[in-house]
Amino acid sequence: MSLPIYLKSLENNDPDFAQAIEKVFTSAMTPGALDQKTKLLIALALDAAHGAGQGVASIANQLRAQGTTDAEIAEALRIAYFAFGNSILTTSSAAFAAKEES
């Protein structure tokens, strides 16, 4: 699996720290109890939820290179929206709770 572009930049500017981060990256993304595809789909959803467009594009391309379909990618992105979008709805309900207490 290729290293994220930000890590490649870090290697030039702070090689010791980059090496430590690379170990964490490798530990997180090497297949283990979860296979590579599952790990990438999780990473895709998290990048989407955090607004990391470049990460989403990069991971989607890696997934497609491994044979993941656009339908599978779309489903992972729906889960990201469901998980993070619901927090907005929950927080938004405070606007109406305050009205009821007044």
Side-chain angles (χ1 to χ4, degrees):
M1 171 171 222
S2 63
L3 294 175
I5 193 142
Y6 62 84
L7 189 53
K8 291 177 184 178
S9 172
L10 191 60
E11 286 175 335
N12 295 330
N13 299 306
D14 192 349
D16 291 337
F17 188 56
Q19 191 173 33
I21 298 299
E22 186 174 350
K23 286 180 183 179
V24 172
F25 175 81
T26 300
S27 174
M29 296 308 292
T30 298
L34 297 175
D35 63 22
Q36 184 71 40
K37 179 179 177 178
T38 301
K39 288 186 175 203
L40 284 171
L41 287 168
I42 291 169
L44 176 80
L46 290 170
D47 271 4
H50 288 286
Q54 187 176 14
V56 168
S58 174
I59 294 168
N61 287 334
Q62 290 176 58
L63 283 161
R64 286 186 189 102
Q66 294 180 5
T68 305
T69 66
D70 282 349
E72 291 170 308
I73 290 169
E75 196 165 316
L77 294 171
R78 283 186 213 128
I79 293 168
Y81 175 80
F82 175 75
F84 281 79
N86 279 340
S87 66
I88 295 168
L89 296 175
T90 301
T91 304
S92 298
S93 67
F96 301 106
K99 179 180 174 184
E100 294 169 3
E101 292 173 7
S102 298

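- One finds the CD atom of Gln19 at 9.0 Å from the CD atom of Glu11 (value rounded to the nearest 0.5 Å).
- Note: Leu89 CG to Phe84 CZ = 14.0 Å, rounded to the nearest 0.5 Å.
- Grouping the Ile, Leu, Val, Met, Phe, Trp and Tyr side chains by contacts below 4.5 angstrom, directly or via other members, places Leu77 with Leu40.
- Residue pairs meeting the salt bridge (Lys or Arg N to Asp or Glu O under 4.0 Å) criterion with at least one member in residues 32-61, sequence neighbours excluded, are Lys37-Glu72.
- Atom CD1 in Ile59 sits 6.0 Å away from atom CG in Leu44 (nearest 0.5 Å).
- For the pair Asn86 (side chain) and Phe82 (backbone), a donor-acceptor distance under 3.5 Å is present.
- Side-chain atoms of Ser27 never come within 3.5 Å of backbone atoms of Lys23 as a donor-acceptor pair (strictly under, hydrogens ignored).
- Taken from CD1 in Ile42 to CD1 in Ile79, the straight-line distance is 9.5 Å, to the nearest 0.5 Å.
- Between Ala80 and Ala45, the shortest heavy-atom distance links the atoms CB-O, 3.4 Å.
- Other residues, nucleotides and ligands contribute at most 12 non-hydrogen atoms within 6.0 Å of the CD atom of Gln54.
- Cluster annotation: Ile21 is not connected to Leu46 through the hydrophobic network of ILVMFWY side chains, with a link wherever side-chain heavy atoms come within less than 4.5 Å.
- Once rounded to the nearest 0.5 Å, the distance linking OG1 of Thr69 with CD of Glu75 reads 8.5 Å.
- Expressed to the nearest 0.5 Å, how far CG of Leu41 lies from CG of Leu34 amounts to 10.5 Å.
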